[in-house]
Each structure stands twice: as C-alpha cells, then as structure tokens.
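Right, one structure below, let's go through it.
As the structure is a computational prediction, the values presented were derived from the model and not from experiment. Atom set for the values below is all heavy atoms of this structure, side chains included, hydrogens, waters and symmetry mates excluded.
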Protein chains: 2
Amino acid sequence: MSVAEDQLDRAFAALGDPVRRAMIARLSRGPATVNELAEPFPITKQAVSRHIQVLEAAGLITRTRDGQRRPCHLVPAALEALTSWIDEYRLETERRFRRLDAVLQSVKEQEQ
Amino acid sequence: MSVAEDQLDRAFAALGDPVRRAMIARLSRGPATVNELAEPFPITKQAVSRHIQVLEAAGLITRTRDGQRRPCHLVPAALEALTSWIDEYRLETERRFRRLDAVLQSVKEQEQ
DNA sequence: CCTATATTCAACACATCGGTTGATCAAGGG
DNA sequence: CCCTTGATCAACCGATGTGTTGAATATAGG
C-alpha cells in the first residue's frame, strides 16, 4: 500500500473519534498545548497526549516548541486532502445520478 | 452524544479502512452486489459482507433487493456531510492564517 | 421439489484502540 | 540547586475491529 493511502487510513480513522474531532475543532481557532486541549475532557493528560500523537501521525497537525510546551497546529492541507478524496467519488456519483435522471426523463417523454 | 455526531464517528471510521474506501470508489461508478464488491479482494465474502454492513450503518450506502442479490448504492449526501464538517474547520484555519499573514506584513512595513 | 447461488449469522482468534496508573524526562523559576 | 510544571513512556486492562470457518437462510431455476 502506498504512503498516501496509509496517510488516508490514519487521517480518516483519526477523525472517527469524537475526542479527536473536538480537538480539531478547537485547533481551528488557534494553536493549543496538551493541557489546553485536555481541559474540556474528563480523561487523563496521558490519554490526551496519545490522541495528539494519533493526529500528528495522521499528518492532521504539527507541533512546535515553546519552552516546556508543545503547541499543536492544524494543517489545513491535510484536511483538504480528505475532502478531495471524498469529493472525487461524491461528484462522480452525482454525475451518474443526473445521467440516470435524464434517461428516465426521456423514457417518460417517449411514453407520452 | 447526538445522533449526528454518532453518524460522523461511524462514517469517518468506516473510511479509515482501505478495503471500504476501495468499495466506495467502486460504488461511485454504479451499484454493486456483495459478490461484485468482493471480487478484487483476497478476503472471504463474509468479511466483505461485514464491511458492507459497516458502510450501511455509517449511512454511506443503502441497499436494495434484486432477487437473491442485495445491491449497494452510494449515498452522496452522506459524503457531503463529511466534507462539510471538514471544510468548516479547514476554512476557519485558513482564514486565521491569512489574518496572521496580514499582521506580519503590516509589522514588516512598520519596521521599514 | 431439489439444488445451486447469494448472503448472512455465529463463534472463535488475534490485533488494535482507548483508557488507566505510576514512573520518567525536560524546561523554568525561585 | 531544588522543585514545580508540561509532557511522555511503559505496562496493563477491557472493548472493539477484522479476519477466519462452518452453519443457516432465502431466492432462482430446472
């Protein structure tokens, strides 16, 4: 399996967890540290730290250093890669539906 | 957790598997039965049947009946819900980046 | 009717995931 | 220096996911 496919695996799977989706939502408003990301959730910092590692491995976030802190930053290009993948197949399906509608319409007109 | 959130969980997690993504790609070109979807993969029909159940539970496909066969159909609206979710946060992040760029630019101009 | 085909159900094995606790590492601040 | 704070590592546990095999169900078709 290609590297790109592997990243899609990780990225989609990462978004399959509500805690990680909430972190993405938070990060869209600006960088945040582990502690800041942990605040809304009733789980340990260690668990949050691992969620962050999952998001990083998926390429959805990057991390910088600020003293002791390791702020997380969203990577919009990674999100864009996901929407591109989805849209390719969604748009193809919608085109197919439109073609089918056109056929049904012409059949209907024939019958009249 | 809301029903909608739950569907996002299932849908993103469903796309986290390469077999299921390949099935989505196949279904974008038209309906297919379990046997047809199973053909490209070196796994049993039972395993394929369960992948299909996962996609159906996620709302990504629906199934009809054609005699013994149970053709699968892609649901473009479900895919659209995923891109909407992603785009909300991607676009917010990009707007934030542009604001930051503007600030940096004005600082640079001040210095000159 | 009887048999073949399409699909699913049930039970099991094994890996991965998401959480915990406890220890450890690294950077800052008195 | 020492102690606090931020973050991670390691080991463990229960739940879930993905595959298998074998049996069951349902429809088609001679």
Problem set entry | From B:L55 atom CG to B:T62 atom OG1, the distance as rounded to the nearest 0.5 Å | 11.5 Å

Exercise. Within this structure, what is the CD-to-P distance between B:E36 and C:dT7, rounded to whole angstrom?
Worked result: 8 Å

Exercise. Honestly curious: do A:V75 and A:L60 fall in one hydrophobic cluster under the side-chain, below-4.5 Å linking rule?
Worked result: no

For this session: Any chance you could lay out the salt bridge (charged side-chain N to carboxylate O under 4.0 Å, His left out) test for B:E92 and B:R99, step after step, and finish with the verdict?
Result: CA-CA 11 Å; B:E92 177 57 34; B:R99 285 196 296 269; 3.7 Å; yes

Exercise. Should A:R63 be listed as having a side-chain N or O under 4.0 Å from OP1 or OP2 of D:dT8?
Worked result: yes

Exercise. Can a side chain N or O of A:S49 be found less than 4.0 Å away from OP1 or OP2 on D:dA7?
Worked result: no

Exercise. Taking atom P of D:dT8 as reference, at what distance in whole Å does atom NE2 of A:H51 sit?
Worked result: 13 Å

For this session: Could you pick out which residue, B:K45 or A:T33, lies toward the 5' side of DNA chain D when each is mapped onto its nearest nucleotide?
Result: A:T33

Exercise. Hey, is the side chain of B:R20 poking within less than 4.0 Å of OP1 or OP2 on D:dT18, counting only N and O atoms?
Worked result: yes

Exercise. B:L55 has an atom CG; how far is it from atom P of D:dT18, in whole Å?
Worked result: 10 Å

Exercise. Over how many whole Å does the gap from A:F12 atom CZ to C:dT16 atom P extend?
Worked result: 22 Å

Exercise. So, are B:R21 and B:D17 salt-bridged, with charged N and O less than 4.0 Å apart?
Worked result: no

For this session: Tell me which of A:P42 and A:G67 sits closer to the 5' end of DNA chain C, going by the nucleotide each one is nearest to.
Result: A:P42

Seminar exercise, completed: Rounded to whole Å, CD1 of A:I52 lies from C1' of D:dG6 at a distance of 11 Å

Exercise. So, does the side chain of B:Q46 form a donor-acceptor pair with the base of D:dG22 at under 3.5 Å?
Worked result: yes

For this session: Calculate the interatomic distance between B:Q53 atom CD and D:dT16 atom C1'; express it in whole Å.
Result: 16 Å

Seminar exercise, completed: Out of C:dT7, C:dG19, C:dT8, minimum distance to the side chain of B:N35 belongs to C:dT7

Exercise. For DNA chain C, whose closest nucleotide is more 5', that of B:Q68 or that of A:A47?
Worked result: B:Q68

For this session: Could you walk me through whether B:R29 and A:R96 pass side chain to side chain contact (heavy atoms under 4.5 Å, CB included), step by step?
Result: CA-CA 7 Å; B:R29 299 195 298 276; A:R96 192 164 47 75; 5.5 Å; no

Problem set entry | Phosphate OP1/OP2 of D:dG19 contacted by B:T44 side-chain N/O (<4.0 Å) | no

Seminar exercise, completed: Taken to the nearest whole Å, CZ/A:R50 to P/D:dA10 is 11 Å

Exercise. What integer distance in Å separates B:I43:CD1 from C:dC14:P?
Worked result: 19 Å

